[in-house]
Protein chains: 2
Amino acid sequence: MQELTDYILQIGNINKQQIELVESKTAILDLKKDAYFSEAGLIPKRVGFVLEGVMRGCYYNNKGEEITRCFIGKGNLVVDYPNFEANTASSEYLQACTDCKIIVFSKTDWEELSNTIVGWDVIKNKMVQQCLYQKSRKSPVISQDATTRYLAFLKNYPSFANRIPLAYIASFLGVTQQSLSRIRKNIR
Amino acid sequence: MQELTDYILQIGNINKQQIELVESKTAILDLKKDAYFSEAGLIPKRVGFVLEGVMRGCYYNNKGEEITRCFIGKGNLVVDYPNFEANTASSEYLQACTDCKIIVFSKTDWEELSNTIVGWDVIKNKMVQQCLYQKSRKSPVISQDATTRYLAFLKNYPSFANRIPLAYIASFLGVTQQSLSRIRKNIR
DNA sequence: ACCAGTTTTTACCATATGGTAAATGATGTC
DNA sequence: GACATCATTTACCATATGGTAAAAACTGGT
């Protein structure tokens, strides 16, 4: 739980009592590999914070191919926030790539904390923003070639390459698995 | 100026007096085509809101090629917000693709409004978030082929294709200008 | 209207990546 | 430990895109 506290403190000022209040609203969720945290077509009802493991966002394109849109490692929020806020159906799955441990806020608690903690609104928004910045900084750059994108992936997510199926990484980078396999071979 | 008011009202509650206060802090900036709103290497000092014209974010990669990272049309914020907030040097240029009219907040005003308007913080953050959502929704999808990406671009930015140099669009989509020219030809 | 400079198109070949298929390697279950 | 299942690698050819170069079409200034 300390991880969440650290994360919050790095963002805004909040005292010990308030932190306890925040923590009292959380639950710990253990997700097995491949389990979903939220699903496409459903309205997201909770916010997660990854303590252990790797999550991913993914969807199925019009050819039925499964595309990984992002990876989410520990110390990050896992939620489809636009649809969470708007109470609209998500268009992607949030799935555990490995066994995961996640701190969970229900939507009610996440929002009601704004009434009990002055400044929670600001902290909330900053957390979401940081999350978005991360995602965009770590997204593959479309103007780079596949090898460069894979090397950048290795830098951005040093511990992921061995833990995560090649197919997930390939679709994240916008190449086929065969291409990625070839790229791996050429690198060493 | 009405455009900004509409934008703000759609995000949060704010009364007429407060709107006037916001407006009193703004200035109108006319940018000629190709002029910069902010530059790589400099600390961004202001937030813009596009009234007319098209802006873009761009940078030079390690091969010296100019890459367009995003387009910003009217009714959107134009600012490198992470570096604006952190007082750190930007890594990209924000440049006018066409003659532009922009509403400008200085950093001081943008931040001080939080002291005079209750809830400005929340509005501010929501504006930035919306901006980020837009950008990510309208970004080319790396797993799609170049033609599909161009067709999506035409949908996302219906009025841009004729107004903006091919080279800008090409680097945004991650293809060479020659390829994009060929794609255009094959489409009709 | 002309010219210089820029942008866009076209052409040609080289190359990276995709598609299909099969072989190899890993993993978990009984 | 044997087997079925799934993930990864390899091979082969097809194709989209890149690179270089030149031609054609615009653009703005005089």
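Numbers restart at 1 for each chain; the letters A, B, ... are given by sequence-line order, proteins then strands.
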Please report, rounded to the nearest Å, how far the [atom2] atom of [N] is from the [atom1] atom of [X].
X: A:Ile164; N: D:dC6; atom1: CD1; atom2: P; answer: 20 Å
X: A:Leu173; N: C:dA16; atom1: CG; atom2: C1'; answer: 15 Å
X: A:Leu180; N: D:dT9; atom1: CG; atom2: P; answer: 8 Å
X: A:Ile142; N: C:dT17; atom1: CD1; atom2: P; answer: 13 Å
X: B:Arg182; N: D:dG19; atom1: CZ; atom2: P; answer: 12 Å

Relative to the 5' end of DNA chain D, which residue comes earlier, B:Gln178 or B:Ile183, by the nucleotide with the nearest heavy atom?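 This one resolves to B:Ile183.
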Under 4.5 Å between any side-chain heavy atoms of B:Lys124 and B:Leu113, yes or no? no
Report yes if the distance between the aromatic ring centroids of B:Phe153 and B:Tyr157 is under 6.0 Å, otherwise no.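 Ring-ring flag for B:Phe153/B:Tyr157: true, centres closer than 6.0 Å.
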Over all strands shown, is A:Ser181 touching base, sugar-phosphate only, or nothing at heavy-atom distances under 4.0 angstrom?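 If one applies the 4.0 Å heavy-atom cut-off, A:Ser181 turns out to touch a base.
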Among [options], the nucleotide that comes nearest once only the side chain of [X] is considered:
X: A:Lys185; options: C:dG18, C:dT10, D:dA11; result: D:dA11
X: A:Ser179; options: D:dT17, D:dT8, C:dG18; result: C:dG18
X: A:Thr176; options: C:dG18, D:dT17, D:dT9; result: C:dG18

Could A:Lys107 and A:Phe84 be counted as a cation-pi pair, given that NZ or CZ must be under 6.0 Å from the ring centre and within 45° of the axis?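 That pair qualifies as a cation-pi contact.
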To the closest 0.5 Å, what do you measure between CZ (A:Phe71) and CZ (A:Arg163)?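 These two atoms lie 11.0 Å from each other.
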